[in-house]
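For reference, the structure discussed in these notes is given below.
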Amino acid sequence: MAQISYREALNQALAEEMTRDDRVFIMGEEVGYFGGAFKVTDGLLATFGEKRVRDTPISELSIVGAGIGAAMGGLKPIVELMTVNFGLLAMDQIVNHAAKIHYMFGGQAKVPIVIRAPQGGGHQLGAQHSQSLEAYFMHCPGLRVVIPASPADAKGLLKTAIRQDDPVIFLEHESLYGMKGEVPEGEHLVPFGVANLMRQGKDVTIISYSKCVYDSMRAAEALENEGIDAEVIDLRTLNPLDIGACVESIKKTAKAIMVYEGWRTGGAGAEVAAQIYEAAFDHLDAPIERVATKDVPMPYNARMERAALPSPADIVKVAERLV
Amino acid sequence: MALERDKLTAERALLTLGESELLELYRRMNLIRRFEDRTAEMYARGKITGFCHLYAGEEAVAVGAIFALYDKDYVVSTYREHGHCLAKGTPPRKVMAELFGKETGISHGRGGSMHLFDPNLRFMGGYAIVGGGLPLAVGLGLSIAYKEEPEVVCCFFGDGALPQGAFHESLNMASLWKLPVIFICENNFYGMGTLVQNAICQQELYRFAEPYKMPGVRVDGMDVLAVYQATMEATARAREGEGPSLIEAVTYRYRGHSMSDPAEYRSKREERIWQERDPIKTLRRRLVGERRVPESRLEAIEREVNAIIDDAVRYADESPEPALSDLMKNVYVENGGPQS
């Protein structure tokens with residue numbers, strides 16, 4: 001299997017799906033001649049032409065709205081938001097339109113759109129460019145929320161997303177684009193709603209997704225030296241959510257830590273914790289812990305930013321207290 | 001109020017349309033008026049609840065514009081969309097049943113008055129966020145251009161949508177990409193209760209076409225023939241690949257913003273002046289005066305329309321409610337994942 005980056009894996013998925021199905025096209029700011037702000041769509045314009053790789057004006061609301069309309073018109077649009085932060089301008093189209101159209105018209109209309117958005121902090125980009133907003137989307141019924149950690153999942157989940165009939169919010173972490181991993185060539189589909197057991201352990205379950213999966217794995221290695229055996233779960237998709245995998249693990253470990261980069265309050269991990277309480281309260285030996293971004297607009301200062309974001313050391317500290 | 005140009009365009013339409021077409025325009029406007037009057041009654045009787053925005057007074061806009069379309073052309077509308085949906089051809093039974101919240105409604109009782117949808121007639125939905133439909137119309141236009149099809153999209157919105165960002169973004173994108181979209185602004189002078197001059201710096205709304213490099217015209221929205229003719233010109237241009245147009249149809253809603261609005265912000269005198277220019281009466285005068293259509297034929301149409309709407313009310317009333325067991329159905333597409 002080839003070792004390629006998360007960015008290349010996404011690019012491969014886009015190229016393969018565009019070759020497979022001529023209804024699939026990409027539009028967004030800088031996706032064509034610039035090759036994508038994070039170079040995810042690099043080279044696609046040369047291969048597929050302007051009709052299928054469409055540069056747009058800076059009009060997030062209407063780019064997403066036009067994608068929804070195109071999907072209703074029988075196409076399979078992939079809309080790239082330059083970052084999730086700008087996607088807030090498109091929340092009306094995402095929440096009031098994409099998420100509702102199938103239901104409020106009695107199941108008669110489908111909106112098979114994929115909205116891709118880079119997100120996440122750690123690059124000193126300040127308060128308006130460092131957010132992780134998965135919880136906003138997870139809160140809204142009608143949207144699928146996909147948030148891959150590995151290059152293989154980036155490819156396999158994106159291919160599944162493009163073939164999905166529901167609107168999909170596909171969140172890529174900006175820190176992962178350069179990360180390499182083994183990625184199957186050609187047809188590789190990762191199903192939605194199936195968590196990935198990254199590491200087996202018996203003392204504590206660390207439940208995470210996206211970049212925080214790697215922080216969790218590093219924490220697990222550190223904990224191993226202290227004789228604490230941590231299990232690590234990568235959720236991969238937040239909607240649908242594989243709560244069964246979390247419950248199975250907790251039956252074994254009786255303790256859980258949610259690790260996520262969204263703000264601590266009202267984060268995706270808070271929802272997962274609530275669902276675990278509902279499904280497996282009797283199996284828990286201690287309250288579920290959360291390691292997440294502190295409830296603060298992200299500061300520019302490097303030391304302050306590091307302190308605001310969740311880290312492997314934070315996870316280790318919480319695990320030590322729990323076990 | 002009627003501009004010289006409107007009179008000329010209306011004259012032109014009067015010459016091009018045959019008698020059966022003119023009677024069809026008359027029939028459709030009457031159908032909508034009668035539907036809306038009965039809707040108000042049913043609302044007062046508690047059969048219809050929630051928000052309900054009536055179209056009475058504005059019939060010439062929906063009927064004139066949609067008469068210029070083919071069946072496969074798309075229509076995108078707002079929350080005041082009973083008229084557009086009926087003009088496109090959805091059976092009144094299915095629309096009334098939707099207002100009653102019944103399973104037999106056009107959106108199976110999940111949408112209500114503001115969210116009608118008829119995929120077979122390419123009525124692509126009523127949307128209740130002001131300006132929300134415009135980007136969708138751009139996307140539908142994009143899908144037509146992508147597939148190199150001959151259709152157009154007709155997108156209706158009120159004067160209240162003009163100050164929204166979505167309006168400006170959408171006109172820019174549609175013009176930039178030369179998409180076959182006809183933007184039809186129904187200027188009824190009030191965004192809810194706020195006068196246009198208190199909301200928009202430029203009150204000649206059609207002039208917003210200029211910066212977006214598309215034709216913009218103002219038509220008498222109380223004259224179905226003027227609206228029809230203007231839309232024909234815009235669709236011809238769109239079908240030739242020359243891009244979008246903006247039509248400002250100056251019109252008036254006879255009732256308040258919604259059923260809960262007594263419209264106390266405007267005078268009875270103003271309402272009377274507009275009702276004297278009633279679009280149905282205007283067409284009737286023309287048919288009788290200029291085309292020598294016997295009154296009895298028009299009365300027969302009115303009777304026929306009344307019977308259709310009476311039947312629609314009966315059908316809606318007798319239809320079953322959606323099953324509660326289906327509450328969670330269609331949040332997501334059933335078997336919507338990859339089929340491989």
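Numbered from 1 within each chain, the chains take letters A, B, ... in sequence-line order.
- Side-chain atoms of A:Gln108 come within 3.5 Å of backbone N or O of B:Ile106 as a donor-acceptor pair.
- With sequence neighbours left out, B:Glu248 forms a side chain to side chain donor-acceptor pair (under 3.5 Å) with B:Asn187, B:Arg218.
- Across A:Gly106 and B:Asn330, no two heavy atoms sit closer than the pair O-ND2, 3.7 Å.
- Taken to the nearest 0.5 Å, the CD1 atom of A:Ile58 stands 10.5 Å off from the CD atom of B:Glu169.
- When heavy atoms are compared at a cutoff of 4.5 Å, A:Gln93 approaches chain B solely by way of its side chain, counted from C-beta outward.
- Residues A:Pro57 and B:Asn172 are in side-chain contact: their nearest non-hydrogen atoms beyond the backbone lie under 4.5 Å apart.
- Of the listed residues (A:Pro112, A:Pro77, A:Ala109), the one with the most heavy-atom contacts under 4.5 Å to chain B is A:Ala109.
- Heavy-atom distances place the side chain of B:Met173, and not its backbone, under 4.5 Å from chain A.
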Next on the checklist: Before you tell me yes or no, could you show the steps for B:His115 and A:Phe105 under side-chain contact (heavy atoms from CB on, under 4.5 Å), namely the whole-Å CA-CA distance, both residues' side-chain angles and the distance that decides it to 0.1 Å?
Outcome noted: CA-CA 7 Å; B:His115 303 304; A:Phe105 296 141; 3.7 Å; yes

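- Atom CD of A:Gln128 has 12 or fewer neighbouring heavy atoms from other residues, nucleotides or ligands inside a 6.0 Å radius.
- Across A:Met27, A:Lys51, A:Lys159, A:Lys110, the residue that shares the most heavy-atom pairs under 4.5 angstrom with chain B is A:Lys51.
- Pairs passing the ring pair (Phe, Tyr, Trp, His ring centres under 6.0 Å) check and including a residue from residues 68-102 of chain A, sequence neighbours excluded, read A:Phe86-A:His129, A:His97-B:Tyr127.
- Listed in order of number, the residues of residues 140-166 of chain B that approach chain A to under 4.5 Å between heavy atoms are B:Leu140, B:Leu142, B:Ser143, B:Tyr146, B:Lys147, B:Glu148, B:Ala166.
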Name the atoms and distances for all side-chain donor-acceptor pairs under 3.5 Å in residues 139-153 of chain A, with sequence neighbours left out.
unit_1: A:Arg144; atom_1: NE; unit_2: A:Asp166; atom_2: OD2; d: 3.3
unit_1: A:Arg144; atom_1: NH1; unit_2: A:Asn239; atom_2: OD1; d: 2.9
unit_1: A:Ser150; atom_1: OG; unit_2: A:Asp153; atom_2: N; d: 3.0
unit_1: A:Asp153; atom_1: OD1; unit_2: A:Arg236; atom_2: NE; d: 3.4
unit_1: A:Asp153; atom_1: OD1; unit_2: A:Arg236; atom_2: NH2; d: 3.3
unit_1: A:Asp153; atom_1: OD2; unit_2: A:Arg236; atom_2: NE; d: 2.8

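- Only the backbone of B:Leu116 comes within contact range of chain A, with at least one heavy atom under 4.5 Å from a heavy atom of that chain.
- Within the model, atoms NE2 of B:His168 and OG of A:Ser59 stand 11.5 Å from one another, a figure rounded to the nearest 0.5 Å.
- In this structure, no portion of A:Phe192 lies under 4.5 Å from any heavy atom of chain B.
- For A:Arg23, the part lying near chain B is the backbone, with the side chain staying farther off; criterion is any non-hydrogen pair under 4.5 Å.
- Within 6.0 Å of the CE atom in A:Met1, the count of heavy atoms belonging to other residues, nucleotides or ligands exceeds 12.
- We find the CD1-CG distance between A:Ile101 and B:Leu136 to be 5.5 Å, quoted to the nearest 0.5 Å.
- Of the two parts of A:Leu75, only the side chain, counted from C-beta on, holds a non-hydrogen atom closer than 4.5 Å to a non-hydrogen atom of chain B.
- Of the listed residues (B:Gly132, B:Gly131, B:Ala137, B:Ser170), the greatest number of heavy-atom pairs within a distance under 4.5 Å of chain A belongs to B:Gly132.
- Within a 6.0 Å radius of OH in A:Tyr277, more than 12 heavy atoms belonging to other residues, nucleotides or ligands are found.
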Next on the checklist: Quick one, A:Met72 with B:Phe117, criterion side-chain contact (heavy atoms from CB on, under 4.5 Å). Give me CA distance, side-chain angles, the key distance, then yes/no.
Outcome noted: CA-CA 12 Å; A:Met72 294 171 82; B:Phe117 187 87; 3.7 Å; yes

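- In A:Leu197, the CG atom is crowded: over 12 heavy atoms of neighbouring residues, nucleotides or ligands sit closer than 6.0 Å.
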